[in-house]
Every structure is written in C-alpha cells, then in structure tokens.
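Everything below concerns the one structure shown next.
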Amino acid sequence: MSVNQSGWRPEMGDASQAAQATFTGNRALMLEEALIFEIGSTETTGVDIDAAPKVASRLGNHARKGAIGLPGLSEPEAVRHYTRLSRQNYAIDLGLFPLGSCTMKHNPRLNERMARLPGFADLHPLGPIDTVQGALELIHQLAHWLVTLTNMDSVAMSPKAGAHGELCGILAIKAALEKRGEGHRKVILVPESAHGTNPATAAFAGFTVKAIPATAEGRIDTQALKDRLGPDVAGVMITNPNTCGLFERDLKEISDAVHAAGGYVYCDGANFNAIVGRVRPGDLGVDAMHINLHKTFSTPHGGGGPGSGPVVFSKALTPFAPLPFVEKQGDRFVLVEEETAGEHHADSFGRMVAFHGQMGMFTRALSYILSHGADGLKQVAEDAVLNANYVLRSLDDTLDAPFGDSGPCMHEALFSDANLAEGFSTLDVAKGLIDEGYHPMTVYFPLVVHGAMLVEPTETESKAALDQFIGALKSVGERAKAGDAALKSAPHFAPRRRLDETLAARKPVLAWKDSVAPVAEAAE
Ligand SMILES: *Cc1c(COP(=O)(O)O)cnc(C)c1O
C-alpha cells in the first residue's frame with residue numbers, strides 16, 4: 001500500500017482499492033446506490049392490491065398501449081433509495097459551502113417557522129382578496145423595506161430568480177425607450193467583470209451586447225465605457241460588487257455619463273448582501289436592479305428551494321414596471337392587476353409570471369429583515385466582507401490572488417491557478433477539496449481570470465469554521481504547488497471519482513434506457 005507525502009492518514013491507503021475490497025461496494029456509512037431502474041424490476045410491483053374489476057374503458061386511443069415500464073419497489077425500498085441518495089449530497093446544513101457568487105449562507109430556522117404558518121403557507125393564488133389581506137400586507141411591507149434599503153422608487157415583486165429579474169429590468173428599459181420613440185437603441189454595454197447572466201439576458205431581450213474591458217485592477221475601464229456611449233446605446237448592465245469581488249467605485253460617474261447619453265443603468269444586485277445597509281443603489285444613479293432574496297435575505301436555494309428576484313426601479317422606469325403590484329388603499333390592501341392611466345405603472349410592459357411571486361420566499365425574507373433590524377443588516381454586510389478578506393489574506397501566500405493589490409475585496413475572495421505546478425489545474429484543487437469534506441468553491445468563473453477560484457464564505461461562518469476551511473484549502477493548494485500526483489485523481493473518498501462533466505452538461509442522459517452507457521465510458 002503506497003503512502004504519499006500529502007499528509008493523508010496511512011491507514012486509509014488507496015480508497016478506491018478499499019472500496020473494491022468490500023462485498024457490497026459500500027464504505028461503512030457511505031453507501032453505494034444503484035439506479036432505481038436497476039434496483040426495481042419492471043416485472044414486479046411493490047403493492048399488493050386486487051386487480052381492478054373489468055369496466056369498459058373510456059380512454060379511447062389515450063389508453064396505454066404497452067407496459068408502463070416503471071420499476072416496482074416496496075415502500076421501504078423506495079424510501080431507502082432516496083434517503084441513500086440524499087446522503088451523497090452536500091448541503092449548507094452540513095458545512096461551510098464556499099461557492100462564490102451564490103451566497104450559500106445559513107438559513108435561519110425562524111424564517112422557516114414563519115413561512116409554514118398556515119395563513120401564509122396554505123393560500124391559493126386565486127383566493128378572494130378579502131381573505132388574503134395578511135399576505136398582501138406582508139408583500140407590501142417587504143416591498144417597502146426593499147425600496148427603503150435601496151433608495152429606489154418602486155419594486156416589482158414577481159420575478160422568480162436573479163436572471164428573471166434581469167429580464168424584467170431590461171424589458172422595462174426596452175418599454176421606456178420605445179415610449180420615447182428610441183427603440184432603435186439596440187446596444188447594451190456589459191463589462192467583462194459582469195455576471196454571465198447579464199449578457200445572456202440582454203441578448204435574450206433582443207439587444208446586441210458589447211463588452212467593456214476590465215482594468216488591471218479588476219474594475220470597469222470607465223474611460224472605455226464612456227467612449228462607447230452614443231445614440232445606439234440603450235443602457236449598461238453592471239454587476240456591483242462585481243464578479244472579481246470588487247466594488248465598482250465609479251458607478252455614480254458611469255451612471256451620470258450613461259444618463260447624459262440617453263441610456264439607462266441596470267445594476268446586477270444579486271450581491272447586495274455585501275453592501276446592504278452601507279450603500280443605496282438609488283444614490284448611485286441606478287435605474288433598475290434585481291435583489292436575490294435567496295442570497296441576500298437567506299432564503300434557501302440550490303436544490304433547497306425556489307429563488308425570488310424582486311426588481312427595484314428608479315422614478316424614470318416605474319411607469320414601465322410589470323404588473324401586478326400591491327397597493328394600500330385606505331386600510332385595505334389591493335392587488336393592482338391592470339395599468340391605470342396617469343398612475344404608476346401607466347405604461348407597464350406586462351407580466352412576468354401568472355401570479356404574484358414566491359410567497360414562501362417573501363415570508364422568509366421579511367422575517368430575516370425584521371429579525372436583523374437596521375443595525376443587524378448593516379452588520380451582515382460588514383461581516384460578509386470581513387470574512388472574505390480573512391480568507392483572502394490567509395491564503396494569498398499559497399494561492400495567487402490576482403487582484404490582491406486592488407484593495408480589500410467585498411464578499412468574495414478570488415484566486416487563480418497562476419502558481420500551481422506544471423500540469424496542475426484549478427480542477428485538481430476543487431477535487432481535492434471534496435476529499436477534505438467541502439463542496440468546492442466556484443471554479444473557472446469569472447472568465448477575466450485564468451483558472452479562477454471564487455470563494456464566498458458568507459457572514460454566517462464562525463472564525464473556527466473559516467480556519468478549518470482555510471487549512472483545508474491551504475493544504476490542497478500546497479499539494480497542487482508541489483505537484484502531488486495523488487491530487488490528479490482526487491476525489492479518492494467520494495462515491496464517484498472524476499466524471500466527464502462537460503459531456504454530462506452538453507449531452508445529458510435524462511431518461512433511463514437499458515442500453516445507456518455510463519457518462520464516463522461514453523466520453524471515450
Ligand atoms: C446568482 C447571480 C445571478 C443569477 O441569479 P439566479 O437567481 O441564479 O438567476 C446573477 N448575477 C449575479 C451577480 C449572481 O451572483
């Protein structure tokens with residue numbers, strides 16, 4: 001049994017050999033699990049009920065022609081299958097989840113308690129308005145705080161994710177330009193330091209995307225942006241803080257220039273958690289910005305729950321904002337579902353969704369805001385930034401920090417693969433982290449940095465938790481710098497080793513067929 005120099009416990013040996021050595025393929029509590037089709041036979045059924053009496057079918061040609069082809073499992077078999085699979089997941093409730101640009105922070109249980117109150121949880125979106133006054137009041141109150149925290153004019157609550165919010169904002173900009181008779185403005189400027197959803201959104205809405213370069217310090221090249229402004233420019237989409245984890249200090253200057261040139265300013269506010277309580281986008285000249293409730297205001301996401309991406313608007317764009325919105329009339333809350341001439345939303349571009357948005361997320365976000373209070377929210381931003389800087393400065397002697405000299409980072413620490421040994425990549429570091437019991441950080445994003453590793457620790461981690469993570473990443477980073485060959489085949493302790501992730505993403509096999517080859521083999 002070979003023992004490498006990487007500091008693993010020698011008794012572990014080669015984990016893949018150990019796995020082969022057990023009869024079951026299980027490794028203690030890490031259980032090997034086959035596909036449900038491989039466990040259950042289509043020939044059997046897990047339930048034992050009498051055949052239905054023969055009746056004349058009324059299905060006509062909708063009647064099933066062949067066997068249904070689903071595996072028959074008993075209840076305990078089905079429960080075990082899914083429970084076993086669930087244990088192969090990583091979750092924020094298991095440990096630190098350093099995925100950059102995702103804000104995997106702790107979801108307070110108080111929020112869950114509030115969201116499950118039957119008065120909020122058991123509503124029907126078509127319930128008569130008089131029976132849902134409390135829910136409308138909650139939406140109205142959350143809207144009030146979002147507008148207050150951002151110093152904007154109005155908010156559309158219905159968009160269901162960050163990217164959906166971007167589309168909402170861009171559609172409002174489009175409607176405003178068309179109303180002005182300037183629908184010919186077709187160019188949206190997107191800096192290289194913007195999130196990838198920004199150019200995707202602009203293109204989806206029918207605009208042409210022009211990239212604006214980043215400076216050597218990782219911020220927008222303000223002069224290059226100003227030089228590109230002109231009568232064809234509809235607006236800009238700026239992520240702030242940007243994906244290099246830096247605050248765009250020139251945003252006010254940029255907004256003034258864009259407005260002077262007849263354009264609008266969209267700000268990607270998914271990372272509002274880094275500045276909430278400290279900076280108000282309305283003061284920076286922003287016209288529209290989405291807020292990811294599922295990031296900043298801690299509602300579960302990433303398999304744990306749906307997103308919610310309300311969009312705040314400036315006075316200039318409010319008339320074009322989508323319907324519906326909640327309004328207080330006297331002491332009653334109403335849902336305004338139609339444009340009302342002369343009122344706000346007079347020129348609404350329409351609707352984003354069938355109903356009103358994600359009620360469960362609204363309840364959690366308001367619960368988070370009210371339980372933190374003004375001072376608490378400010379501290380959220382400060383601690384998120386402090387933790388990220390602690391990670392950055394603790395690791396910048398091991399990993400290359402490309403913008404380490406650009407001043408403090410915001411809520412994320414960015415590293416590159418610049419000083420890894422020849423033949424070692426960011427992917428090897430990420431896979432090594434899995435053996436250390438962590439979900440890897442975001443890798444190969446942002447694109448402005450070669451082999452990027454983006455770590456977002458969030459404010460909900462203790463110093464002890466950060467120190468352990470830093471120790472793990474330092475250890476894996478040192479191994480990648482020393483050229484430890486064992487790292488090339490990590491993870492050694494996970495249920496699967498290295499899969500062809502590109503093939504899995506490009507040609508996903510989503511339906512089971514007898515003949516489907518496993519992804520790794522299909523890659524050859
Ligand atoms: C997460 C994120 C988005 C997209 O949000 P979704 O809810 O995943 O659609 C957009 N921009 C930035 C900067 C983000 O971090």
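Side chains included, hydrogens not; waters and symmetry mates left out as well; all remaining heavy atoms used. For ligands, and for the atoms within them, numbers begin at 1 and follow the listed sequence.
Between the side chains of Asp400 and Ser416, at least one donor-acceptor pair of N or O atoms lies under 3.5 Å. Between the side chains of Asn111 and Thr363, no donor-acceptor pair of N or O atoms lies under 3.5 Å.
With a 4.0 Å heavy-atom cut-off, ligand 1 is reached by the backbone of Ala161 and by its side chain too. Of all the heavy atoms of His301, none lies under 4.0 Å from any atom of ligand 1, so neither backbone nor side chain is involved. Residue-level proximity to ligand 1 for Asn292 is carried by the side chain, the only part with a heavy atom below 4.0 angstrom.
Residues satisfying the salt bridge (charged side-chain N to carboxylate O under 4.0 Å, His left out) test with Arg393, not counting sequence neighbours, are Asp396. Taking the side-chain hydrogen bond (donor to acceptor under 3.5 Å, both in side chains) definition, one finds that Arg351 meets it with Glu337, sequence neighbours left out.
Within the 4.0 Å heavy-atom shell around ligand 1 one finds His294.
Nearest protein neighbour of atom 6 (P) of ligand 1, counting heavy atoms only, is Gly162 N, 3.4 Å. Atom 1 (C) of ligand 1 has its closest protein heavy atom at Lys295 NZ, 1.4 Å. Taking atom 9 (O) of ligand 1 as the reference point, the nearest protein heavy-atom neighbour is Ala163 N, 2.8 Å.
Two rings, from Phe362 and His356, have their centers 6.0 Å or more apart.
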